[in-house]
Every structure is written in structure tokens, then in C-alpha cells.
Participant: 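I'd like to ask you about the structure that follows.
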Amino acid sequence: LQFIHSHIAVMPDVHFGKGATVGSVIPTKNAIIPAAVGVDIGCGMNALRLSLKASQLPNNLSAIRNAIEHKVPVGFEMYKQIKSKASTLSPLDKKLKVITDKHPALRRMLRSFDSTWQKQLGTLGGGNHFIELCLDENQDVWVMLHSGSRGLGNVIGTYFIERAKKEAQSRFGHVPDKDLNYFAEGSNSFDDYVEAVEWAQGYAYENRREMMRLILEAIRPLLPSFQMTKEAINCHHNYVQKEQHYGEEVFVTRKGAIRAGINEYGIIPGSMGAQSFIVKGKGNPESFCSCSHGAGRKMSRTKAKYMFNQQDLIAQTQGIECRKDKAVVDEIPSAYKDIHQVMANQDDLIEVVHTLKQVLCIKG
């Protein structure tokens with residue numbers, strides 16, 4: 001494609017995805033491909049270290065899991081009433097109105113989301129989204145979570161992907177696949193898409209912050225008094241933003257990848273039965289200052305359900321407080337690549353700062 005800047009960078013957790021492979025870093029000049037960004041706009045991670053040691057946790061973590069699940073809606077669940085503060089919702093509401101005023105079709109798609117998006121702020125969602133309690137190499141306790149822009153980000157992404165296919169701009173020539181249809185910079189659709197994506201990414205960021213606040217609120221009564229001693233980062237791994245690379249200002253789409261600039265902190269989670277990592281970027285220019293966003297799936301959810309059963313899940317999550325029913329077999333650790341191999345394959349991109357092992361996991 002004419003608007004690709006220099007090259008495409010592929011991360012070591014790369015696997016099949018819609019629009020583009022998950023684990024792709026795509027630099028574009030004067031254009032953006034909405035399907036490459038995808039529909040889980042702003043999906044990412046947040047992690048906090050607490051002033052607690054492993055020895056201060058109860059032997060049985062089921063009460064803590066129940067408290068978090070009671071406080072934070074998971075899957076398709078949301079709050080019955082709007083709970084977030086007006087100071088958080090008002091700026092988001094105003095910006096969303098500006099976007100939808102320009103796009104009546106998007107407004108119609110969002111009609112059922114008039115208050116839903118406000119009720120979803122601070123909720124986990126489904127799929128591979130999760131909340132975990134982890135221990136690091138010093139036996140310090142961490143809270144880690146993975147979520148995004150929820151249903152509204154999905155609707156925004158879907159709307160603009162379809163719009164790109166209908167408009168099929170020709171400034172940079174025609175594309176060999178409909179999922180590569182783009183918006184060219186200077187067009188109204190380009191500006192509107194950038195504005196909408198920034199909104200969804202901001203919403204995802206606030207969603208993770210609110211969820212973390214609720215999690216801490218849920219666990220405080222069940223644990224010794226604690227403080228937050230380190231916030232690793234609140235980082236996206238499905239997003240697009242403007243950056244400087246190889247002497248040019250470009251739009252960088254990271255689909256299943258995180259930014260790993262020099263000394264920038266990031267989070268690379270493994271599966272629900274493996275280790276995760278707090279990392280520091282090395283600013284490798286060939287990767288456009290990026291690294292993997294996790295272990296990466298090695299098989300589809302359908303294949304995982306065919307290959308494994310509930311007993312396999314129980315065996316592979318031994319010692320972890322989590323759901324062990326057949327409904328989450330598609331998230332079994334064996335469905336993912338070996339996180340240690342993935343990490344070994346990107347030691348030129350990041351250095352490991354902390355190694356985490358989960359003791360509690362809540363899956364969406």
C-alpha cells in the first residue's frame with residue numbers, strides 16, 4: 001500500500017485476527033485503515049502494586065473473588081444505574097454528542113447506548129478480559145486488569161469500518177482487500193474517525209481507572225490496610241496515535257501491541273495459568289518502539305473447546321482461584337502460546353522489570 005511508512009512490524013505473539021493480524025504494528029502516512037484498528041478500540045491493561053506481601057493474603061481467596069465479582073460487573077453485565085461521577089461523564093458526553101451530530105447513522109446505531117455506555121463505565125466485558133491478583137518475584141501483591149471501550153467502542157469501530165468500505169477512497173490507489181479500505185487525511189471521514197477513535201480510547205482508559213478503583217474498594221475490607229506503591233501503567237494495546245518514526249510524522253496502528261519507547265513501562269500478560277510481565281521499553285526503531293501485548297492465541301476458541309474439557313481446565317489452573325467451569329474452557333492456558341518463548345523472542349524490544357504469577361483470576 002502506498003501510504004505504508006517504511007515497513008510493517010510483526011510482534012512475536014502474532015496470530016489471526018479480523019482486519020489485520022493481532023500483533024501488527026502498522027505505520028501509515030496521510031491515511032488510516034479502520035479495520036486494522038478493529039472494534040475493540042482502546043483495549044489494554046492496568047496494573048497496581050500494593051503494599052502487601054503474599055503472606056498477608058488469606059489461604060482461601062474465594063471471598064476476595066466474590067467481593068470483586070459483586071462490585072465489578074463482568075461479561076454482558078452492567079450497572080443498573082449510572083454510578084460514575086458527573087465530572088468524568090460530562091466531558092465524554094459532550095464529545096460524543098459532537099461526533100454523533102455529524103453522523104446521524106452512527107447516532108441511530110448508538111440509540112440503544114444512550115445511557116448504556118454510562119452504565120458500562122467500570123465494567124469488565126467478556127472474552128479474554130480479566131481481573132487478576134498476582135505475586136511478583138519479591139512476593140509483593142499486584143492487581144492487574146485487561147479491558148477496553150466496551151460496547152460503545154465496538155459500535156464506533158463497526159460504523160467506521162463499514163463507512164470506509166462504502167467510500168473506498170482512491171487517493172492512494174485501490175486496495176486488494178476490502179478490510180484494507182482507508183480514510184485519506186484531509187477528508188471529512190478521516191477527521192471524524194480520528195475524533196471518534198480518540199473518544200473510544202479515552203473512554204477505555206477511564207473504564208480501566210474506574211474498575212481499578214472499584215476493585216480496591218472491594219478488597220480493602222478483606223485485607224490488612226494497604227497503600228498503592230507502584231502503578232505500572234494504564235496502556236492501550238488496540239489503538240492508533242500520531243508518532244515520529246524514521247524522520248516522519250505518521251499514524252501508528254498497534255493491533256495487539258503496546259508502545260515500548262525508551263524506559264516506557266508496559267504490561268505483557270500470559271494466559272490465566274502462566275506468568276505475566278511488567279516491562280520497560282528499549283525504544284527499538286525497527287519495531288516502531290513496540291512490543292507484544294501478551295502470549296497470543298495458538299488456536300481458535302472453537303478449537304480449544306474441541307481439544308480440551310473442564311478437567312483439563314481444572315488441571316491447568318491448579319492453585320489459582322478462578323472459574324473452572326466448561327464455559328471458560330476456550331481461555332484454557334493451552335490455547336495460548338508459550339509466554340516464555342514469546343518473551344525470549346523480543347528481548348531486543350523490552351527488558352523485564354517484574355515477573356508476576358496470578359493467584360486469583362476473574363474472566364469476563
Side-chain angles (χ1 to χ4, degrees), residues 42-58 61 63-74 83-85 88 121-125 128-150 201-237 258-260 263-270 272 274-281 291 293-294 320-322 350-364:
C43 187
M45 302 287 302
N46 193 9
L48 279 173
R49 187 176 67 190
L50 308 180
S51 59
L52 291 173
K53 292 290 186 181
S55 59
Q56 294 176 281
L57 295 177
L61 297 173
I64 292 178
R65 179 161 77 96
N66 290 338
I68 296 171
E69 289 176 338
H70 180 73
K71 197 81 171 178
V72 180
V74 304
K83 286 195 171 185
S84 299
K85 296 177 183 176
T88 299
L121 193 64
T123 66
L124 185 62
N128 62 351
H129 292 167
F130 64 78
I131 298 166
E132 289 185 346
L133 215 59
C134 305
L135 305 177
D136 69 12
E137 68 284 352
N138 300 313
Q139 296 298 290
D140 288 325
V141 176
W142 291 69
V143 180
M144 184 167 72
L145 62 88
H146 171 212
S147 190
S149 53
R150 305 294 286 103
Q201 289 171 185
Y203 179 71
Y205 187 92
E206 289 297 333
N207 184 48
R208 290 192 291 272
R209 284 209 328 176
E210 177 65 6
M211 217 182 320
M212 184 63 79
R213 185 186 71 78
L214 292 166
I215 293 164
L216 298 180
E217 200 175 275
I219 67 177
R220 278 190 188 280
L222 302 172
L223 293 169
S225 178
F226 63 82
Q227 304 295 323
M228 283 69 73
T229 59
K230 186 173 185 179
E231 179 167 2
I233 200 166
N234 189 341
C235 62
H236 300 316
H237 55 224
I258 63 172
R259 183 170 163 84
N263 294 328
E264 287 184 1
Y265 282 87
I267 307 164
I268 303 178
M272 65 191 286
Q275 292 175 321
S276 298
F277 300 90
I278 306 297
V279 300
K280 194 159 61 173
C291 68
H293 82 310
I320 301 168
E321 174 61 43
C322 64
I350 44 92
E351 64 175 282
V352 174
V353 180
H354 294 291
T355 301
L356 310 184
K357 182 71 178 78
Q358 72 274 76
V359 289
L360 179 154
C361 177
I362 296 169
K363 280 282 181 183

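Atom set for the values below is all heavy atoms of this structure, side chains included, hydrogens, waters and symmetry mates excluded.
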Participant: Is there side-chain contact between Leu360 and Ile320, with heavy atoms separated by less than 4.5 Å?
Facilitator: no

Participant: May I have all residue pairs that pass salt bridge (charged side-chain N to carboxylate O under 4.0 Å, His left out) and include part of residues 128-137, sequence neighbours excluded?
Facilitator: none

Participant: State the CH2-CD1 distance between Trp142 and Ile278, to the nearest 0.5 angstrom.
Facilitator: 4.5 Å

Participant: Leu52 versus Pro224: any side-chain heavy-atom pair under 4.5 Å?
Facilitator: yes

Participant: Can a donor-acceptor pair be found, under 3.5 Å and without considering hydrogens, that links the side chain of Gln56 to the backbone of Lys53?
Facilitator: yes

Participant: Quick check: do Val72 and Leu145 have side-chain heavy atoms less than 4.5 Å from each other?
Facilitator: no

Participant: What heavy-atom pair brings Ala54 and Val141 nearest, and what distance separates the two atoms?
Facilitator: N-CG2, 4.1 Å

Participant: Please enumerate all residues that pass side chain to side chain contact (heavy atoms under 4.5 Å, CB included) together with Lys280, with sequence neighbours excluded.
Facilitator: Asn263, Tyr265, Glu351, Val353

Participant: Could I get the full list of side chain to side chain contact (heavy atoms under 4.5 Å, CB included) partners for Pro221, not counting sequence neighbours?
Facilitator: none

Participant: For Ser276, which residues count as a side-chain hydrogen bond (donor to acceptor under 3.5 Å, both in side chains) partner, sequence neighbours excluded?
Facilitator: none

Participant: Identify, with sequence neighbours excluded, every residue that meets salt bridge (Lys or Arg N to Asp or Glu O under 4.0 Å) alongside Arg208.
Facilitator: none

Participant: Just verifying a value: how many Å separate Arg209 CZ and Asn46 CG, rounded to the nearest 0.5 Å?
Facilitator: 9.5 Å

Participant: I need the Gln201 CD to Cys43 SG distance, nearest 0.5 Å.
Facilitator: 11.5 Å

Participant: Answer whether the closest heavy-atom distance between the side chains of Ile64 and Leu223 falls below 4.5 Å.
Facilitator: yes

Participant: Mind checking side chain to side chain contact (heavy atoms under 4.5 Å, CB included) for Lys71 and listing every partner two or more places apart, or none if nothing turns up?
Facilitator: Leu214, Glu217, Ala218

Participant: Taking side chain as C-beta onward, heavy atoms only, is Thr88 less than 4.5 Å from Glu210?
Facilitator: no

Participant: What pairs with Lys363 under side-chain hydrogen bond (donor to acceptor under 3.5 Å, both in side chains), at least two apart in sequence or on another chain?
Facilitator: Glu331

Participant: Under the rule for side-chain hydrogen bond (donor to acceptor under 3.5 Å, both in side chains), what residues qualify as partners of Asn128, not counting sequence neighbours?
Facilitator: none

Participant: For a 4.5 angstrom cut-off between non-hydrogen side-chain atoms, does Leu124 reach Met211?
Facilitator: yes

Participant: By ring-ring contact (aromatic ring centres under 6.0 Å, His included), which residues pair with His146, not counting sequence neighbours?
Facilitator: His129, Phe130, His237

Participant: Under the rule for side chain to side chain contact (heavy atoms under 4.5 Å, CB included), what residues qualify as partners of Val143, not counting sequence neighbours?
Facilitator: Leu50, Leu133, Met212, Ile215, Leu216, Ile219

Participant: Please name all residues satisfying side-chain hydrogen bond (donor to acceptor under 3.5 Å, both in side chains) with Glu69, sequence neighbours left out, ordered by chain then number.
Facilitator: Arg65

